[in-house]
2 protein chains.
Amino acid sequence: MDERGTTVRARTLAGAGAASDAAPVAPARITDVARLAEVSTATVSRVLAHPERVAPGTRARVEEAVARLGWVPNPAARTLRSQKTRMVLVVLPDLENVFFSRILRGIEETLAAAGYGMIIADLGPASPRAGALAAFARRQVDGVILLNGRRLGPEAEDMPTIALCETIPGAAIPQIAIDNRAAARRVVAHLVGLGHRRIAHLAGPEGNVLEIERAAGYEDGLRDAGLAPDPALVWPGDYTLEAGVAAASRLLPGPGSAPERPTAVFASNDTMAIGLVGALQEAGLAVPDDVSVAGFDDIEFAAMYRPALTTVRQPRRDLGRVAAEAMLARLAGREASAEGPLATELVVRASTGPARR
Amino acid sequence: MDERGTTVRARTLAGAGAASDAAPVAPARITDVARLAEVSTATVSRVLAHPERVAPGTRARVEEAVARLGWVPNPAARTLRSQKTRMVLVVLPDLENVFFSRILRGIEETLAAAGYGMIIADLGPASPRAGALAAFARRQVDGVILLNGRRLGPEAEDMPTIALCETIPGAAIPQIAIDNRAAARRVVAHLVGLGHRRIAHLAGPEGNVLEIERAAGYEDGLRDAGLAPDPALVWPGDYTLEAGVAAASRLLPGPGSAPERPTAVFASNDTMAIGLVGALQEAGLAVPDDVSVAGFDDIEFAAMYRPALTTVRQPRRDLGRVAAEAMLARLAGREASAEGPLATELVVRASTGPARR
DNA sequence: CGAGGTCGTGTAATCGATTACATCGATCTT
DNA sequence: AAGATCGATGTAATCGATTACACGACCTCG
């Protein structure tokens, strides 16, 4: 009879007090509840899963017993039997990127309210761990929310999956995101409104979905103003601070600088924008007096930075919430109601100003 | 016989290829492995848990079968039977605080190498969710690493617990941290070395363990230099950006300013230091020419900021690693080897400079 | 040569829930 | 009034592993 066997388990039936006298008390089991309520375990289980199928009187007795014992179904047993884990995996490209934390909160809140837990996996864009993670996911979670723009691998191919922010073109799964293109277009419109005519774009990594959309929006914005896109004004970048720093040289006099220097730059994210601004200041240029710089994302630092950064605020908590809701719908067998992209907000701060005469 | 019953399960015995023709393939079970290796399930299980008790030939057969089928033990079944989840819970006060992300990585790497998973819970300093979390922890994890300086509650009282960074005075659990006091002392010594004599301290929240230590180190540093601590130079704060901004007024001429204004400030964290520097610059004071400012933590932003911040670097990844190792030791029944506090590094950047003559 | 070991393996109980099916009394149908 | 139907509940199989104990083969030693 193994370790525990039929010996009586340490247990305090105390409804309230008694939490103090410790001594490892084994958690209540369904049989304890059944005995106390004088019903079978099947009935106890039914009270949770299908309350309407249990007579009101019986249900009340069971509920009282559950409360008295503080019983919570053993998740391992439940998972084993029902093949449902009540957990969702969230895959990030980089946990250190502050952009994600608030999204995570939105997801977590929503899932928790539905009785689901969240497991976070921090996976680089092309980590070798992806395979192991897929295998893990198969057993440990009911669904996957991807924030890294990459499917997890064949092992997890057939499980409920949702792409968030970094959409996955062509994948037949719900995709939740903002309208990057429209937002970028608005940034450019803002700059144009300030009188800028030569506006550069500091790009994200080539091929990145977000970058493709933001670049398209940038061109839209130029066209709206009757300006011709100029390839010399689209500068390569990769979302890192260093890329921003490097781009500064193009604005300074000397070799490598753009022939006709732009008066404003739209950077594809805040981190690059900050790198750029810092390097410009170091070199003696004033922002926004000499050059205006706008970013994208509205990370916490954007407001803290001097000059405070003009940028696009993403509804991060809502993005998380909506993705989680889509996942819950999917898990409940409902079709996820297809909402359009979420609204963004242009936040005008101190890093953009009137074009220099 | 329920849903699945005795029907033959969809399964491909393919060792390699064949991953393409999808159709939800049920994962292999221990009985599948046993059948293929022509042994009992007990033997299969033993190959994993106690390989030395299995004859080499048999072991090889089993291992080959495991590999062929790609079998991974069902975690729910394993947990149910063994009462071990192979998961560790990490409790944070605030996931949005960038300070934690690298620590998390250190923890995760170390745990993963030992076959453990990590679950993150984002809990405010005094969240009502703590109770629910404790109940969750009881069933879902084998141990808890606390980064928020608070025990989880009676439910989780008797499980392996480790405090990290924010220690919990008096708790009889392993505590991993840096020597905040010594580090603060070194910051002050650095400022003294630059010629500063009036050095203020922008404090953290009252009662916070970290603040208590850092404040003590600040006084140590002053005493080392033969300077008398002056209560008027210890300014209240709470680790937020706003607290830093607010503190700036004390350095500016006008009402509320310190009588004899300090030439340097040691802030208890980087966020406050940045708030302070930003507000000072806004008000026309130069950093470090007029005032030197040092922070603590070396968050990513510290290096990005202009002027780049002088601060104390914590070995974040190592903190995570060491805590995880202590947890693994505890879970394996070994006593955690009591190391002392981890070493920090003073990072001198541009926000501190010689005292003004 | 037989008692007592050791070694390798199998049998079956067990972890704690869920749920198909059986059962049983009460109500409805014609 | 006999049979059908329905609602409430119990019985027991089941999920997939772990592991105490049993067993048989072989070895050792007095």
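In what follows, chains carry the letters A, B, and so on, assigned in the order in which the sequence lines appear, proteins first and then strands, with residues in each chain numbered from 1.
- Within the 4.5 Å cutoff, side-chain heavy atoms of B/F100 are placed close to those of B/P93.
- For the pair B/R139 CZ and C/dG16 P, the interatomic distance rounds to 8 Å; values are reported in whole Å.
- Between the CG atom of B/N74 and the P atom of D/dC15 there is a distance of 12 Å, rounded to whole Å.
- Smallest separation of non-hydrogen atoms from B/A76 and A/L80: CB-N, 3.9 Å.
- In this structure, the CD atom of A/Q140 is 15 Å from the P atom of D/dG16, given to the nearest Å.
- A/E63 has no carboxylate O lying under 4.0 Å from a charged side-chain N of A/R59, or vice versa, which leaves the two without a salt bridge.
- Shown here for A/A37 and A/V62, the closest heavy-atom pair between the two residues is CB-CA, 3.9 Å.
- Looking only at side-chain heavy atoms (C-beta outward), B/L146 and B/T161 come within less than 4.5 Å of each other.
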What are the atom names and distances for every N/O pair under 3.5 Å that joins the protein to nucleotides 8-12 of chain C?
unit_1	atom_1	unit_2	atom_2	d
C/dT9	OP1	B/T58	OG1	2.2
C/dT9	OP2	B/A55	N	2.9
C/dT9	OP2	B/T58	OG1	3.4
C/dG10	OP2	B/S40	N	2.8
C/dG10	OP2	B/S40	OG	3.1
C/dG10	OP2	B/T43	OG1	2.8
C/dG10	N7	B/R46	NH2	3.0
C/dG10	O6	B/R46	NH1	3.2

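- In this entry the distance linking CZ of A/R35 with P of C/dA17 reads 12 Å, nearest Å.
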* Verdict with reasoning, A/E109 to A/R321, per salt bridge (charged side-chain N to carboxylate O under 4.0 Å, His left out) -> CA-CA 8 Å; A/E109 286 170 359; A/R321 182 179 51 71; over 6 Å; no

* **Residue pair A/E157, A/R151: steps toward the salt bridge (charged side-chain N to carboxylate O under 4.0 Å, His left out) verdict** => CA-CA 8 Å; A/E157 198 69 35; A/R151 302 240 30 181; 3.8 Å; yes

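- D/dC15 atom C1' lies 10 Å from atom CZ of B/R29, rounded to whole Å.
- Here the closest non-hydrogen pair linking A/M118 and A/L111 is CB-CD1, 4.1 Å.
- Side-chain nitrogen and oxygen atoms of A/W71 include at least one within less than 4.0 Å of the OP1 or OP2 phosphate oxygen of C/dA17.
- Rounded to whole Å, atom C1' of D/dG16 lies 16 Å from atom CZ of B/R86.
- Rounded to the nearest 0.5 Å, atoms CD1 (A/I120) and CD (B/E108) are 10.5 Å apart.
- In this structure, A/R78 places its CZ atom 14 Å from C1' of D/dC15, rounding to the nearest Å.
- Distance, B/L80 CG to C/dA13 P: 17 Å, rounded to whole Å.
- Comparing the helix axis at one end of the helix from C/dC1-D/dG30 to C/dT30-D/dA1 with that at the other, each defined from 5 consecutive pairs, gives an inter-axis angle of 50° (nearest 10°).
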